[in-house]
Amino acid sequence: MGSTFKFGINTVMHNHTQCQLAASIICGSPLNLEADLTALEKGGIDYIHFDVMDGVFVPRFGLFPEYLKAIRSKTNLPIEVHMMVQDPEPYIQDFVNAGATMLTPHIEPLMHAHRTIMKIKSAGAQAGLALNPGTSLSSLDSVLEDLDLVMLMAINPGIVGHKLIPRTMEKIAELRRKIDEIGKDILIEIDGGVTPESGIKMKQAGANMLVCGTGTIFQPPAKLDEKIREFRLTLE
């Protein structure tokens, strides 16, 4: 879908007229993991979105490197690790070794954002940064050109069932302007509040990667591959 991938130091080409879809694997059942991965590939998903939570930065616990390694053993899909943790640096190499394609820690707890980005790239992955809804885009000013992706949270992270924060669309458009001004190919990913109705608005505002969870593709008993195709059609 407008992208090419190489593992190790990754080369990625993005087509801004298309919106890539990332499946939030934490929304699936661990008991159906292998079947889900097969269905995700069949449906043409672009990324696996892998949530890591430490119970400190967010009030939940998430997935772990061994689970990522199990996923990597069953698929060649690129895997983005969303690091909702207070101190991501000690775990960068663990997740890259387990098979991560991209690591996206949150900017809020980082004392040295540029150093963290460089550690991710040195470990052999692409680097993203995630921003909470209340975090200003100005926090990216000194590091934006070093990034492969910026993730905007459309809900407060780690809280299940929160509604989409309305200012998200304005923030997406503002970020799109910033990225276009520097002329670098950086993905704008939206996590939280993604539905068929909001997804098209996010794309129109300038997003080109959406995290798909229970609001879009993980809706049993509907088949994952069918829901992916159905959601993609709404974005065209």
Side-chain angles (χ1 to χ4, degrees), residues 1-3 12 14-24 26-27 45-49 51 57-58 80 82-84 102 104-108 113 126-219 227-236:
M1 300 303 298
S3 299
V12 181
H14 305 299
N15 184 340
H16 292 317
T17 63
Q18 296 180 331
C19 203
Q20 298 193 72
L21 302 182
S24 182
I26 202 170
C27 295
I45 204 75
D46 299 296
Y47 270 82
I48 300 294
H49 181 87
D51 284 317
F57 183 69
V58 292
E80 181 208 8
H82 180 192
M83 302 183 80
M84 291 173 272
M102 182 184 299
T104 305
H106 272 257
I107 196 168
E108 293 83 11
Q126 290 181 295
L129 282 177
L131 274 65
N132 284 335
T135 301
S136 171
L137 292 177
S138 63
S139 63
L140 295 170
D141 286 351
S142 64
V143 294
L144 186 58
E145 293 193 29
D146 300 307
L147 296 173
D148 299 293
L149 172 146
V150 176
M151 179 195 300
L152 298 180
M153 297 299 302
I155 62 170
N156 290 302
I159 310 292
V160 177
H162 267 208
K163 298 283 170 110
L164 173 70
I165 294 173
R167 189 183 173 275
T168 299
M169 304 306 170
E170 181 184 337
K171 199 172 184 181
I172 295 169
E174 185 183 346
L175 179 57
R176 170 52 60 204
R177 287 192 294 271
K178 281 178 172 282
I179 289 173
D180 288 348
E181 280 172 11
I182 65 173
K184 190 165 185 278
D185 199 5
I186 301 168
L187 280 167
I188 297 177
E189 179 182 34
I190 311 303
D191 188 5
V194 177
T195 65
E197 294 74 30
S198 67
I200 188 65
K201 294 176 183 176
M202 292 168 177
K203 181 188 175 188
Q204 289 168 348
N208 51 4
M209 187 167 171
L210 302 177
V211 177
C212 303
T214 55
T216 50
I217 66 172
F218 287 95
Q219 297 179 336
K227 293 300 290 186
I228 293 165
R229 287 191 284 267
E230 182 183 304
F231 183 43
R232 204 181 290 280
L233 281 173
T234 70
L235 299 174
E236 293 179 354

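Keep in mind that what you see is a predicted model, and the values were worked out from it rather than measured.
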For the pair Phe57 and His106, name the ring-plane relationship: parallel under 30°, tilted 30 to 60°, perpendicular over 60°. tilted
Over all heavy atoms of both residues, which pair between [X] and [Y] is shortest? Give the atoms and the distance, please.
X      : Y      : answer
Ile200 : Glu197 : CG2-O, 3.3 Å
Gly199 : Leu235 : C-CD2, 3.6 Å
Ala113 : Val143 : CB-CG1, 4.4 Å
Pro196 : Gly215 : CD-O, 3.5 Å
Cys19  : Ala207 : SG-O, 4.0 Å
Cys212 : Phe231 : SG-CE2, 3.7 Å

Nearest-0.5 Å distance, [atom1] of residue [X] to [atom2] of residue [Y]:
X      : Y      : atom1 : atom2 : result
Glu189 : Met202 : CD    : CE    : 11.0 Å
Ile188 : Gln20  : CD1   : CD    : 12.5 Å
Glu80  : Asp46  : CD    : CG    : 12.0 Å
His49  : Asp191 : NE2   : CG    : 4.0 Å
Lys171 : Thr135 : NZ    : OG1   : 5.5 Å
Ile155 : Ile190 : CD1   : CD1   : 12.0 Å

Can you find a heavy atom in the side chain of Asn132 that is under 4.5 Å from one in the side chain of Pro157? yes
Using a 4.5 Å cut-off on heavy atoms from C-beta on, say whether the side chain of Met169 contacts that of Leu164. yes
List the steps, then state whether side chain to side chain contact (heavy atoms under 4.5 Å, CB included) holds for Ser24 with Asp51. CA-CA 7 Å; Ser24 182; Asp51 284 317; 3.4 Å; yes
Looking at [X] and [Y], would you say the former's side chain and the latter's main chain have a donor-acceptor pair under 3.5 Å?
X      : Y      : answer
Gln219 : Thr214 : yes
Lys184 : Leu147 : yes
Asp148 : Gly128 : no

Working for side chain to side chain contact (heavy atoms under 4.5 Å, CB included), residues Leu21 and Thr216: CA-CA 10 Å; Leu21 302 182; Thr216 50; over 6 Å; no
Would you please test Asn208 and Arg176 for side chain to side chain contact (heavy atoms under 4.5 Å, CB included) and show each step? CA-CA 10 Å; Asn208 51 4; Arg176 170 52 60 204; 3.6 Å; yes
What do the steps show when you test Leu137 against Leu152 for side chain to side chain contact (heavy atoms under 4.5 Å, CB included), and what is the final call? CA-CA 9 Å; Leu137 292 177; Leu152 298 180; 3.9 Å; yes
Should the pair Glu174-Arg177 be classified as a salt bridge under the 4.0 Å nitrogen-to-oxygen rule? no
